Enquirer: 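I have a structure here, written as structure tokens, and I will follow up with some questions on it.
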Amino acid sequence: MTLRGVIVAVEAEKTVETQYGERSLAEITIRPDDGRGDPVTVTLWGKWTHTAEHAEPGMELLVTDPEEDEFRGETTYSTGSDTHVVLEPGFLVDVTAVRSWVQCPRMYYLNKLSGIPLNYPVVKGTVVHEVFGDLLRGLDLEDSVQNRVAEAGLELGLLGYEQDEVENEVRRNAAAIEGWLQQGTLTEEDAWRSEYTLISPTYGLKGRADALRRGMPVELKTGKNTNREPRFQDKIQAVCYALMLRERGVPVNTGTLLYTKNTALDRNEQSGDLAPAKEFSVGDGLLNFVVRQRNEIAAMEFDASVPTGFEADAKCEYCFEQDTCMVVSGRLDQESKAGQVGTPLPDEEREYFDRFYRAIEEERRETHAEYRKLWEQTPEERADDDRALIDLEPTGQRQIDGERWELRARKPGDAVSKLREGDVAMASDGDPVTGHSELVRIRQLGEEVVVTADEPVDLCRLDVYPSEISVDRMLTALHDSLLKADPDRKDVLFGRRDPEFRDDAETYIDNNEAQNDAVNRAVNAEDFALVHGPPGTGKTYTIARTVRALVEQGDRVLVSAFTNRAVDNALEAIRDQGLGAGREESDVVRVGTETGVREDMLDIRLETEGRPNDRAAELQQAPVVAATTASCGSRVMREQQFDVALVDEASQLTEPATLAAINRADRFVLVGDHEQLPPVVRAENDLQTSLFERLIDQSPEAGVMLDRQYRMSQRIQAFSSREFYDGALKPASGEVAGRHLRDIGVDPADLPAEIRNPVSFVDPDGRREGNTNPREADRVAEIVDAVQSAGVPAEDIGVIAPFRAQVAEIGRRTDVTVDTVDRFQGSSEEVIVVSFVATGDLDGPIFEDYRRVNVALTRAKRALVLVGDAGALASEPFYARLLDWARR
DNA sequence: GCTCTGCGGAGAGGA
């Protein structure tokens with residue numbers, strides 16, 4: 001039995017006399033989640049009072065296997081022999097975080113804040129781990145060493161390492177592993193498996209064990225340890241995995257640490273215990289200790305407080321992070337055991353840091369809520385939520401290169417989900433949390449689903465695997481921009497100084513004054529420039545022309561955007577300017593994964609595998625580098641410096657995500673449109689406003705608005721121009737203004753009367769059902785058919801709906817592109833049909849942000865058909881104006 | 001990457 005609920009009261013610890021002597025206890029009252037709602041009291045005995053000290057009203061508490069008692073007619077609970085007390089079980093702490101917390105709570109905080117830098121021990125450690133996995137999967141040691149070192153080519157090159165010396169070192173590490181493995185495999189056939197992903201609903205833990213041997217966790221350490229016992233923090237890591245395995249019913253009582261530098265080669269010169277593998281027994285004491293440590297972290301994060309180092313017996317004089325720790329606490333004016341050095345940041349910067357730190361941590365909690373849905377939702381609910389494909393029928397498994405696995409399954413019916421080809425996902429036998437699951441990469445997602453994995457699994461279900469990476473990257477960007485950035489940069493970001501511009505004026509673009517102004521602004525910016533580009537105004541061309549001008553004046557340029565698609569769009573235009581002719585030129589380099597980068601840009605994609613020096617040179621010598629903002633926060637990109645960072649679709653980026661890109665450069669140019677979609681964030685907080693929007697408000701003089709659009713007819717653009725751009729948006733020419741279906745060979749007479757006008761409104765009299773409206777979907781499909789029959793090719797028609805469910809509903813009825821507004825941003829079609837779904841009223845956040853409507857309407861070039869419920873639309877002034885305009 | 005401690009044991013126990 002598990003007791004679970006929100007804490008309503010926490011009593012102070014007290015000491016009582018029992019028949020077994022003096023014992024301490026603390027009482028916590030919770031309101032259980034069981035629905036009855038009557039508060040119950042739980043008595044925490046002995047060491048669990050430690051957790052009571054960290055508990056606060058409002059936190060969630062989980063108690064496993066409590067003992068039930070009657071006291072004064074009420075049921076009470078207390079901790080027993082099998083009891084674990086867990087604070088905030090919904091907050092998922094990573095196992096490596098528990099490890100660093102145990103070393104020192106400040107270390108945990110510093111790691112979180114500043115990320116893992118690019119350094120040799122880290123890169124080498126990763127390579128050795130990969131070789132270890134390969135050996136477990138039966139690969140040849142020499143092949144594995146060579147392949148894995150080559151794969152790390154770029155990082156090694158940036159660190160100035162040669163392939164041979166790294167191979168030799170990895171070989172030495174791997175030899176220790178192999179020797180030990182051979183002993184084991186002689187007796188234990190098939191008792192191994194590598195890289196085991198675990199998520200714990202009970203303990204609020206997640207992590208990936210390096211390996212399991214006969215079900216027991218094995219952790220690999222690339223260092224040396226000649227003590228008889230494994231290092232304490234290493235044990236902690238293994239104990240976390242043991243705890244999670246026990247939760248799944250595996251009777252784990254042993255953990256193993258494998259120290260790869262404990263080799264026979266050193267035996268002559270070293271004394272001590274040089275066996276690479278050190279086993280230790282996992283008892284209740286350690287398991288409980290780990291739960292209590294995790295509780296400390298969860299409690300600290302509950303109110304976003306900052307650890308000082310006093311929480312544990314940290315001994316700063318031994319710590320390698322002492323200097324960093326003192327600098328961070330000095331600059332952020334934090335209490336710390338190590339002490340402080342340096343002057344604190346100005347108050348407004350401190351306030352900014354705190355505000356965004358909290359906002360990012362809120363976002364992290366929302367990400368954890370996504371994880372929770374893995375076990376809180378039924379498979380059917382997950383599928384309805386578009387977050388999983390369920391009821392897959394496995395059709396085959398085979399081993400492919402490198403002893404990895406390719407798994408196939410048939411997808412029943414026309415199931416849809418957020419999953420995309422190239423995504424990392426969680427494949428399972430049906431239950432991703434308690435069943436057998438593996439992290440996989442999706443290769444193909446049609447009627448047949450194909451994924452690749454390190455280990456085989458029955459491919460019955462595929463789940464979105466939430467990632468904290470963007471949250472982590474935002475934190476490191478925040479850290480870099482406040483603690484490492486040059487003060488000059490901060491002065492303009494905080495509005496203490498106006499951005500400056502050089503006076504030069506040149507003609508870069510001779511047929512569009514605003515675009516030419518924008519390029520001049522960007523090229524002459526001493527600090528930053530902002531380019532406001534409403535739909536169809538040639539943002540991308542302006543960016544490309546700017547990049548060329550910057551490169552010609554000798555600048556090194558970083559081109560970035562939130563999505564891979566936007567980066568590649570910008571790159572395409574940049575290549576049209578004559579840059580990035582091909583790999584030989586290597587003047588433009590695209591940094592990104594093979595699956596993320598668009599096919600026609602793969603020829604300039606930076607290969608990360610190969611000879612270190614060559615790979616590093618390709619990146620370091622490129623005058624133009626393009627990468628997503630998430631990649632800009634990567635270990636590799638954090639080492640790069642640019643003169644100018646140019647960020648496209650900046651209005652869709654959170655402020656810290658934008659910082660990740662602009663931290664890399666002396667000057668920056670943001671291009672965007674704050675009247676289109678804002679950043680996608682889960683929590684409601686400061687992350688919802690983009691840096692672009694904030695700076696446009698703060699320094700309007702740094703901005704140029706592109707005011708001529710090359711996309712929509714006059715009739716189509718009118719509403720958007722009036723409602724969102726104060727009427728300033730104009731067609732670029734008479735040709736654009738007068739665009740009509742006739743120009744592409746369509747006679748309006750061939751269309752049904754109700755959609756004969758360039759902008760029309762149709763009310764199908766449907767009913768909203770959840771996030772769909774089947775009748776409206778029917779009608780949309782009929783309209784699309786009619787448009788096609790009149791002669792518009794399918795590829796020139798697009799359908800936009802607010803919800804993915806309706807997108808799927810319509811998609812079943814037509815072959816043209818159907819997608820959500822959010823996915824349509826950045827593209828356009830000759831004819832656009834918009835399905836509003838809502839009937840009766842316009843309840844729901846999706847309708848509250850009018851910017852979404854702006855995006856939907858401005859995708860159309862020659863014809864726009866709005867399909868919806870007139871009553872619902874008329875119920876709200878903005879939509880009523882839209883309706884009037886469409887029916888005119 | 002270091003010099004160190006953090007981990008008990010069956011299991012009930014107070015008012």
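Quick caveat: nothing in here was measured; it's all calculated off a predicted structure. For the numbers below, each heavy atom of this structure counts, side chains included, while hydrogens, waters and symmetry mates do not. The sequence lines fix the lettering, A, B, ..., with proteins before strands; numbering per chain opens at 1.
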Enquirer: Between the base of B:dG14 and the side chain of A:Glu27, is there a donor and acceptor pair under 3.5 angstrom?
Expert: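 When only heavy-atom distances are counted, A:Glu27 does reach the base of B:dG14 through a donor-acceptor pair under 3.5 Å.
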Enquirer: Select one nucleotide: of B:dC7, B:dA15, B:dA12, the one nearest the side-chain heavy atoms of A:Phe71.
Expert: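 Selected nucleotide (nearest to the side chain): B:dA15.
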Enquirer: Describe the nucleic acid contact of A:Thr79 in one word from base, sugar-phosphate, nothing, applying a heavy-atom distance below 4.0 Å.
Expert: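 Result for A:Thr79 = base.
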Enquirer: Please measure how far the C1' atom in B:dA10 lies from the corresponding atom in B:dG6, and state the result in whole Å.
Expert: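 23 Å, rounded to whole Å.
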Enquirer: Grab the CD-P distance between A:Glu317 and B:dC4 for me, whole Å please.
Expert: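 Result: 12 Å.
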Enquirer: How is A:Val102 classified with respect to the nucleic acid when contacts are heavy atoms under 4.0 Å: base, sugar-phosphate, or nothing?
Expert: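 Touches a base.
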Enquirer: Base, sugar-phosphate, or nothing for A:Gln233, non-hydrogen atoms under 4.0 angstrom?
Expert: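 A:Gln233: base contact, heavy atoms under 4.0 Å.
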Enquirer: Under a 4.0 Å N-O cut-off, is there an ion pair linking A:Arg148 with A:Glu151?
Expert: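 Yes, this pair counts.
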Enquirer: Compare the minimum distances between each of B:dG6, B:dG11, B:dC7 and the side chain of A:Arg292, then state the nucleotide with the smallest one.
Expert: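 Given the options B:dG6, B:dG11, B:dC7, the side chain of A:Arg292 is closest to B:dC7.
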Enquirer: To the nearest Å, how far apart are A:Glu13 CD and B:dA15 P?
Expert: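 Atom-to-atom, A:Glu13 to B:dA15, this comes out as 17 Å.
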Enquirer: Does a side-chain N-to-carboxylate-O contact under 4.0 Å join A:Arg638 and A:Asp480?
Expert: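 Yes, A:Arg638 and A:Asp480 are salt-bridged.
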Enquirer: Look at the side chain of A:Phe289 and decide which nucleotide, out of B:dC4, B:dC2, B:dG6, has an atom nearest to it.
Expert: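 Of the candidates, B:dG6 comes closest.
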Enquirer: Looking at A:Asp94, A:Thr197, A:Thr96, which hits side chain to side chain donor-acceptor pair (under 3.5 Å) with A:Arg208?
Expert: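 Of the listed options, the one satisfying the test is A:Thr197.
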Enquirer: Could you check whether A:Glu88 pairs with A:Arg365 (Lys NZ or Arg NE/NH1/NH2 to Asp/Glu carboxylate O, under 4.0 Å)?
Expert: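 Between A:Arg365 and A:Glu88 there is a salt bridge, with a charged N closer than 4.0 Å to a carboxylate O.
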Enquirer: Is the aromatic ring of A:Tyr20 within stacking range of B:dA12, meaning centres under 5.5 angstrom and planes under 30 degrees?
Expert: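 No, the aromatic ring of A:Tyr20 does not stack with the base.
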Enquirer: Determine the contact category for A:Lys47: base if any of its heavy atoms lies under 4.0 Å from a base atom, sugar-phosphate if only primed atoms, P, OP1 or OP2 are that close, otherwise nothing.
Expert: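 Sugar-phosphate contact only.
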Enquirer: Which nucleotide wins on minimum distance to the side chain of A:Leu25, given the candidates B:dG14, B:dG1, B:dG6?
Expert: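 Shortest atom-to-atom distance from the side chain points to B:dG14.
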Enquirer: Measure from the side-chain heavy atoms of A:Asp284 and tell me the nearest of B:dC7, B:dG9, B:dG14.
Expert: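 Nearest to the side chain of A:Asp284 among the choices is B:dG9.
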Enquirer: Please pick, from B:dG6, B:dG1, B:dG14, the nucleotide with the shortest atom-to-atom distance to any side-chain atom of A:Lys14.
Expert: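 Given the options B:dG6, B:dG1, B:dG14, the side chain of A:Lys14 is closest to B:dG14.
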Enquirer: Checking all strands, does A:Gln293 fall into the base, sugar-phosphate, or nothing category for heavy-atom contacts under 4.0 angstrom?
Expert: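 No contact.
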Enquirer: Quick one: which of B:dC2, B:dC7, B:dG1 gets closest to the side chain of A:Lys235?
Expert: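 Closest nucleotide to the A:Lys235 side chain: B:dC7.
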Enquirer: Hey, is A:Glu219 close enough to A:Arg99 for a salt bridge, meaning N to O under 4.0 Å?
Expert: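 Looking at A:Glu219 and A:Arg99, the cut-off is not met.
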Enquirer: Would you classify A:Glu22 as touching base, sugar-phosphate or nothing, given that sugar-phosphate means primed atoms plus P, OP1 and OP2, and contacts are heavy atoms under 4.0 Å?
Expert: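 No contact.
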Enquirer: Considering only side-chain heavy atoms of A:Thr43, which listed nucleotide, B:dG6, B:dG14, B:dC2, is closest?
Expert: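 The nucleotide sitting nearest to the side chain is B:dG14.
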Enquirer: Please step through side chain to side chain contact (heavy atoms under 4.5 Å, CB included) for the pair A:Glu247 and A:Leu243, ending with a clear verdict.
Expert: CA-CA 6 Å; A:Glu247 184 186 354; A:Leu243 187 68; over 6 Å; no
Enquirer: A:Phe320 has a side chain; which of B:dA15, B:dG1, B:dC7 sits nearest to it?
Expert: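 Nearest to the side-chain atoms of A:Phe320, counting from C-beta on, is B:dG1.
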Enquirer: For A:Arg99 and B:dG6, what is the distance between atoms CZ and P respectively, to the nearest whole Å?
Expert: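 That distance rounds to 18 Å.
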Enquirer: Taking the side chain of A:Lys315 as its heavy atoms from C-beta onward, which of B:dC7, B:dC4, B:dG11 lies nearest to it?
Expert: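 So the side chain of A:Lys315 is nearest to B:dC4.
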